[in-house]
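Convention: sequence-line order gives letters A, B, ...; per-chain numbering from 1.
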There are 2 protein chains.
Amino acid sequence: MSQDRSNHADQPLMLDAERDVQARLGDRPLDFESLDAISNIYRATSGLRRRAERDVLAEYGLSFGGFTILWVLWVWDAMETGRLAEECGVAKGTLTGMLTTLEKLDLVTRERVASDKRRMLVSLTDTGTATIDEVFPKFNAFEGQMTDGLSSSDKRELARLLRLVVNNARSDDN
Amino acid sequence: MSQDRSNHADQPLMLDAERDVQARLGDRPLDFESLDAISNIYRATSGLRRRAERDVLAEYGLSFGGFTILWVLWVWDAMETGRLAEECGVAKGTLTGMLTTLEKLDLVTRERVASDKRRMLVSLTDTGTATIDEVFPKFNAFEGQMTDGLSSSDKRELARLLRLVVNNARSDDN
DNA sequence: CTCGGATAGTTTGGTACCGAACGATTCCAA
DNA sequence: TTGGAATCGTTCGGTACCAAACTATCCGAG
């Protein structure tokens with residue numbers, strides 16, 4: 001509504017939030033370029049996540065995290081818990097609970113690895129495969145909508161710049 | 001460890017995940033440019049958030065969301081709950097709980113607005129102001145580390161592209 | 001062999017987070 | 001003036017999410 005006063009709504013020079021930060025803190029010795037870049041990553045994610053859940057995933061009873069698990073298993077086939085957690089960007093303890101949820105929905109199965117009984121191999125069930133097969137194209141279309149206004153080279157550039165951030169943020173430990 | 005095989009670690013052409021997706025689904029009619037752009041937004045956030053909490057915020061007993069609230073109040077002074085929730089990117093019901101936490105820590109106060117008793121005005125306490133005054137410069141330095149390898153114009157470009165996504169993801173309703 | 005350390009996954013305790021339902025207050029139209 | 005609609009914040013039920021503690025299994029040095 002009051003978003004981006006005195007800017008064209010299509011391509012605002014700054015978000016309201018960025019403008020107000022500048023007005024309030026512009027005289028401090030802060031790194032505003034990094035601030036805006038990183039802040040906008042969060043702003044984008046919180047909006048995207050909620051929209052994805054409401055517009056695409058709610059229909060299937062999937063949380064964003066649950067969808068991510070199905071997607072990862074779709075791409076990589078069976079995977080053990082530790083690597084799956086890393087790939088999904090969640091702690092392994094978190095994954096245990098989410099897998100329990102997905103198991104109740106009959107979307108994934110866990111089976112112990114015979115050669116090393118500590119490990120669990122997670123796979124999609126047939127239902128799980130059918131679900132992600134149906135959901136993912138919709139999700140991908142949603143991704144297209146969310147990048148409306150960006151050219152192909154914009155999208156590649158965005159992906160490239162984020163890749164650098166992802167690598168900087170990679171945890172060194174565990 | 002096995003990250004970005006056959007790439008220079010400093011500036012990978014693709015993340016392992018992106019490469020594997022391409023290998024597995026490259027023949028499907030999907031929008032991979034949007035996929036990589038949006039996926040990397042999530043990947044960046046999950047890493048950044050955890051790193052921020054561990055490396056910067058844990059020392060102060062702040063969650064990422066709690067920090068965001070303090071930061072927003074620092075920039076805008078007092079604010080009512082609804083707008084604060086929107087600015088922080090959380091649901092208003094979520095904010096109620098987080099404010100209760102911050103109130104217990106004596107970092108913020110809530111007071112009813114005299115002219116409209118439905119509304120609550122949230123402000124920083126002196127302790128809250130002192131805390132964010134101390135934490136934010138550290139957080140900003142962290143943001144600088146997380147954007148290491150990006151030039152000034154890269155950061156501005158990243159912020160700009162994300163701004164478009166943020167606007168696309170803005171909820172139309174409430 | 002065997003026992004101590006490493007590793008994989010789960011459990012635990014606590015917060016964050018959502019949408020929906022709710023109660024209180026305000027606003028507005030008849 | 002008054003009663004219904006709109007608005008604001010809280011509550012509620014449920015999942016996601018984390019770090020740390022724990023359990024079970026495996027592995028290697030002696």
Side-chain angles (χ1 to χ4, degrees), chain A residues 1 42 45-55 57-69 79-86 88-105 107-108 110-122 171 173-174, chain B residues 1 42 45-55 57-69 79-86 88-105 107-108 110-122 171 173-174:
Chain A
M1 190 79 40
Y42 291 115
T45 295
S46 66
L48 285 170
R49 190 179 172 111
R50 225 182 309 182
R51 287 285 301 254
E53 289 188 344
R54 276 208 305 224
D55 299 355
L57 304 176
E59 177 183 351
Y60 299 90
L62 288 173
S63 68
F64 190 85
F67 165 77
T68 304
I69 293 171
M79 187 177 282
E80 39 185 84
T81 299
R83 175 143 155 67
L84 183 55
E86 188 190 354
C88 294
V90 298
K92 57 185 181 164
T94 301
L95 193 72
T96 296
M98 295 168 74
L99 288 177
T100 302
T101 301
L102 292 175
E103 237 175 7
K104 280 182 199 148
L105 295 171
L107 298 173
V108 307
R110 270 181 281 204
E111 47 183 339
R112 214 162 270 288
V113 173
S115 62
D116 184 345
K117 296 201 203 100
R118 291 171 303 181
R119 296 167 195 268
M120 299 288 283
L121 204 63
V122 186
S171 314
D173 59 68
N174 86 342
Chain B
M1 192 72 45
Y42 291 114
T45 294
S46 66
L48 284 170
R49 191 179 172 109
R50 225 184 306 183
R51 286 285 302 252
E53 289 188 343
R54 275 207 306 223
D55 299 354
L57 304 176
E59 177 182 353
Y60 299 91
L62 289 173
S63 68
F64 191 86
F67 165 77
T68 304
I69 293 171
M79 187 177 283
E80 41 185 84
T81 299
R83 176 145 154 66
L84 183 55
E86 188 190 354
C88 294
V90 298
K92 59 188 180 161
T94 301
L95 192 72
T96 297
M98 294 168 74
L99 288 176
T100 303
T101 301
L102 292 175
E103 236 174 6
K104 280 182 200 148
L105 295 171
L107 297 173
V108 307
R110 269 181 284 205
E111 48 184 336
R112 214 163 269 289
V113 174
S115 63
D116 183 346
K117 296 200 202 100
R118 288 171 305 182
R119 296 168 197 268
M120 299 287 283
L121 203 63
V122 186
S171 311
D173 58 67
N174 76 345

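Every residue two or more places apart in sequence or in another chain was checked for a ring pair (Phe, Tyr, Trp, His ring centres under 6.0 Å) with Tyr60(B), and none qualifies.
Put simply, CD1 on Ile69(A) is 12 Å from C1' on dC17(D), counting in whole angstrom units. dT10(D) atom P lies 11 Å from atom CG of Leu84(B), rounded to whole Å. Taking atom CD of Glu103(A) as the reference point, atom P of dA16(D) lies 13 Å away to the nearest angstrom. Separating the CG atom of Asp55(B) from the C1' atom of dC18(D) is a distance of 15 Å, rounded to the nearest angstrom. Rounded to whole angstrom, the span from the CZ atom of Arg54(A) across to the P atom of dA20(C) amounts to 9 Å. If you measure from atom CD of Glu80(A) to atom P of dT25(D), you get 16 Å, rounded to the nearest angstrom. Distance CG (Leu95(B)) to P (dG19(C)): 14 Å, rounded to an integer number of Å. Whole-Å rounding puts the Met120(B) CE to dA24(C) C1' distance at 13 Å.
Atom CG of residue Leu62(B) and atom CG of residue Leu107(B) lie 6.5 Å apart, to the nearest 0.5 angstrom. Put simply, SG on Cys88(B) and OH on Tyr42(A) are 13.5 Å apart, with the number rounded to the nearest 0.5 Å. In this structure, Glu80(B) CD and Met120(B) CE are separated by 11.0 Å, a value rounded to the nearest 0.5 Å. Rounding to the nearest 0.5 Å gives a distance of 13.0 Å between CZ of Arg83(A) and CG of Leu95(A).
The phosphate of dA8(C) (OP1 or OP2) has a side-chain N or O of Arg119(A) nearer than 4.0 angstrom. Put simply, Arg110(B) has a side-chain N or O that comes within less than 4.0 Å of OP1 or OP2 on dT10(D).
Considering only the side chain of Ala91(A), dC18(D) comes nearest among dG19(C), dC18(D), dG9(C). Residue Arg50(A) places its side chain closer to dG19(C) than to any other of dG19(C), dT26(C), dC18(D). Closest to the side chain of Val90(B), from the set dA24(D), dC17(C), dG9(D), is dC17(C). Nearest to the side chain of Arg118(A), among dA6(C), dT25(C), dA19(D), sits dA6(C).
Note on Lys92(A): a base of the nucleic acid sits closer than 4.0 angstrom, heavy atoms only. Among the atoms of the strands shown, base atoms are found under 4.0 Å from some heavy atom of Thr96(B). At the heavy-atom level, Gly89(B) lies under 4.0 Å from the strands shown only through sugar-phosphate atoms. Residue-level contact check: Arg112(B) touches neither bases nor backbone, having no heavy atom under 4.0 Å from any strand.
Pairs of residues two or more places apart, or lying in two chains, that qualify as side chain to side chain donor-acceptor pair (under 3.5 Å) and include a residue from residues 91-100 of chain A are Thr100(A)-Arg110(A).
The closest side-chain heavy-atom distance from Val122(B) to Met79(B) is not below 4.5 Å. Residues Leu99(B) and Leu84(B) form a side-chain contact, since some pair of their non-hydrogen atoms from C-beta on lies under 4.5 Å apart.
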Provide a list of protein-nucleic acid N or O atom pairs under 3.5 angstrom, restricted to nucleotides 12-16 of chain C.
unit_1	atom_1	unit_2	atom_2	d
dA16(C)	OP1	Ser63(B)	OG	2.8
dA16(C)	OP2	Thr101(B)	OG1	3.2

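Judged by closest nucleotide on DNA chain D, Thr100(B) is the one of Ser46(B) and Thr100(B) placed further toward the 5' end. Each of Glu53(B) and Leu121(B) was assigned the nucleotide of DNA chain D with the nearest heavy atom; the assignment lying further toward the 5' end belongs to Leu121(B).
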